[in-house]
Amino acid sequence: MEGKKKIFSGMQPSGSLTLGNYLGALKNWVALQDEYDCYYCVVDMHAITVPKEPKDLRKNTYEVLANYIAAGLDPDKVTLFIQSHVSAHAELSWILNCFSYYGELGRMTQFKDKSKKQDSNAITAGLFTYPVLMAADILLYQADLVPVGEDQRQHLEITRDIAQRFNNRFSETFTVPEPYISTDVAKIMSLQDPESKMSKSDTNENAYILLTDKPDAIRRKFKRSVTDSLGVVNYSDDQPGIKNLINIYSKITNIKPETVASNYEGKGYARLKEDVAEVVVEELKPIQERIDYLLKNKDYLEEVYRMGAGKAEATAIKTLRKVQKKVGFIPR
Ligand code: TRP
């Protein structure tokens, strides 16, 4: 572990992940696990910033952990844990709240978007300070790199600002993390509206593929995917639907998008859709088997998250103690 750069990332427990989460993030996380000292977390504390049924939260937390492992994260190589199990997240978050400004938090686009969707009396302080908890997640582990999607870039920026502010006010305390937004990771878009990101919160379930979707559902959703009326397969921004299908095919097979496009020249959209569906079905088959197995073996999942929490806590507590001392808290 010593000498390796550190990576931190997390996903919210919103149940089974989508093909977008898998191709855009998880597959990447797996690729990083040998080269880096990785901490991957299920962020259950972030999940309660919007209303959430306790039984759903419990179920979804298990599911996301199972998805992580099934996708190839190895609990012996990386630290896999549940955020609420390491109380240092809450403790550091409070301290960092006192070094974050109302103004800068109010400028977060995700907060503005999410709060617009709710009655103003239902917008919680937790939703407002969400980025500060995320900063605590990252800074506790002195992470060098944070693999996230483009939509989290602004949260990474505020994390860097908070870290630098604290370091300047006291002395070097936190590693200032860099976002790790790999440019070759094509964003996986909605199958119904290829201009917007594939998201599980979409009201139309044909818009997304879940890692747990059955082969028939996968085939049906691709068949119904929205394309265009040009009728020729090109890898171009003018054909976002086709481009998205090619990206999915390319990410799974490791064949360059341009090559995929030329392989389908003159073949029509139906053929492309069928083949993409088959590639996805095959890719997900072993993952689905592992997810099923893991969810039937909760004892194993518990073993994983306990071990993870122990490893995470050992690192986190060192940072927390340093911070507490710097702000002037008396050790007990
Ligand atoms: N906010 C992130 C998202 O919704 C999840 C997250 C929480 C996270 N803490 C993090 C991601 C720390 C990276 C690092 O995608």
Side-chain angles (χ1 to χ4, degrees), residues 11-27 47 50-53 56 59-60 63-64 66-67 70-71 110 113-114 116-117 149-151 185-253 255 257 260-261 264 267-292 295:
M11 285 188 201
Q12 292 205 37
S14 53
S16 181
L17 303 176
T18 67
L19 186 66
N21 298 132
Y22 172 65
L23 296 178
L26 258 187
K27 234 173 129 78
V50 291
K52 188 96 187 163
E53 278 303 321
D56 294 341
K59 182 163 170 280
N60 294 345
E63 282 169 351
V64 172
N67 277 243
Q110 186 174 301
D113 291 346
K114 284 195 185 174
K116 237 183 268 161
K117 289 184 195 147
E150 193 55 50
D151 62 328
V185 184
K187 201 153 101 181
I188 306 303
M189 311 304 277
S190 155
L191 299 182
Q192 290 297 313
D193 168 19
E195 308 279 358
S196 62
K197 190 174 143 178
M198 181 181 282
S199 162
K200 209 189 142 175
S201 49
D202 209 302
T203 47
N204 182 350
E205 62 168 35
N206 286 323
Y208 54 81
I209 304 279
L210 294 179
L211 290 194
T212 48
D213 275 348
K214 297 267 180 298
D216 284 350
I218 296 174
R219 293 190 186 103
R220 190 185 64 235
K221 289 180 181 181
F222 277 110
K223 202 171 195 172
R224 294 189 186 159
S225 65
V226 169
T227 51
D228 55 66
S229 53
L230 293 173
V232 278
V233 177
N234 279 308
Y235 188 65
S236 140
D237 288 337
D238 298 336
Q239 295 177 263
I242 293 297
K243 185 175 181 188
N244 189 38
L245 294 178
I246 295 176
N247 279 335
I248 293 170
Y249 191 98
S250 165
K251 275 298 281 181
I252 294 176
T253 60
I255 301 172
V260 176
Y264 281 88
K267 281 189 185 154
Y269 294 171
R271 179 68 191 282
L272 175 65
K273 288 180 177 183
E274 280 167 26
D275 291 357
V276 175
E278 272 340 287
V279 168
V280 171
V281 166
E282 281 310 305
E283 173 84 2
L284 297 188
K285 206 167 127 194
I287 297 177
Q288 298 187 338
E289 285 167 6
R290 288 195 288 269
I291 292 174
D292 283 347
L295 290 176

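Nothing here was measured: the structure is a model prediction, and the numbers come from that model. Throughout, numbering of the chain's residues begins at 1 and tracks the sequence. Values below: all heavy atoms of this structure, side chains included; hydrogens, waters and symmetry mates excluded.
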Distance (rounded to the nearest 0.5 Å) between N60 CG and L17 CG: 9.5 Å

Heavy-atom closest contact (N67 atom, S16 atom, distance): OD1-OG, 3.8 Å

Distance-only polar pair, side chains of T18 and N21, donor-acceptor under 3.5 Å: yes

Heavy-atom check, side chain of D275 versus side chain of Y264, under 4.5 Å: yes

Sequence neighbours excluded - salt bridge (Lys or Arg N to Asp or Glu O under 4.0 Å) pairs with any residue from residues 207-218: D213-K221, D216-R219

Gap separating the CD atom of E195 from the CG atom of N244, nearest 0.5 angstrom: 10.5 Å

Residues M198, L19; criterion side-chain contact (heavy atoms from CB on, under 4.5 Å); working and verdict: CA-CA 8 Å; M198 181 181 282; L19 186 66; 4.1 Å; yes

L211 versus Q288, closest heavy-atom pair with distance: O-NE2, 2.7 Å

With sequence neighbours excluded, residues passing side chain to side chain donor-acceptor pair (under 3.5 Å) with R224: none

Sequence neighbours excluded - salt bridge (Lys or Arg N to Asp or Glu O under 4.0 Å) pairs with any residue from residues 196-209: D151-K197

Contact summary for Y269 and T227, nearest pair of heavy atoms: CD1-OG1, 3.5 Å

V260 and its side chain to side chain contact (heavy atoms under 4.5 Å, CB included) partner, picked from N247, I255, V276: I255

All side chain to side chain donor-acceptor pair (under 3.5 Å) counterparts of E63, not counting sequence neighbours: K59

Pairwise distance CE(M189) to CD1(I248) - rounded to 0.5 angstrom: 10.5 Å

Heavy-atom side-chain proximity of L191 to N206 below 4.5 angstrom: no

Neighbour count above 12 (heavy atom, 6.0 Å) for D237 CG: no

Minimal non-hydrogen separation, Q239 against V232, with atom names: NE2-O, 2.8 Å

N/O donor-acceptor pair under 3.5 Å between N234 side chain and S236 backbone: no

Least distance between heavy atoms, G20 atom then I188 atom: CA-CB, 3.7 Å

pair K27-Y22: side-chain heavy atoms closer than 4.5 Å: yes

Contacts of type salt bridge (Lys or Arg N to Asp or Glu O under 4.0 Å), residue K273, not counting sequence neighbours: none

Shortest non-hydrogen contact from A261 toward I246: CB-CD1, 3.9 Å

Those residues that, when tested against S201, pass side chain to side chain donor-acceptor pair (under 3.5 Å) (two or more places apart): S199

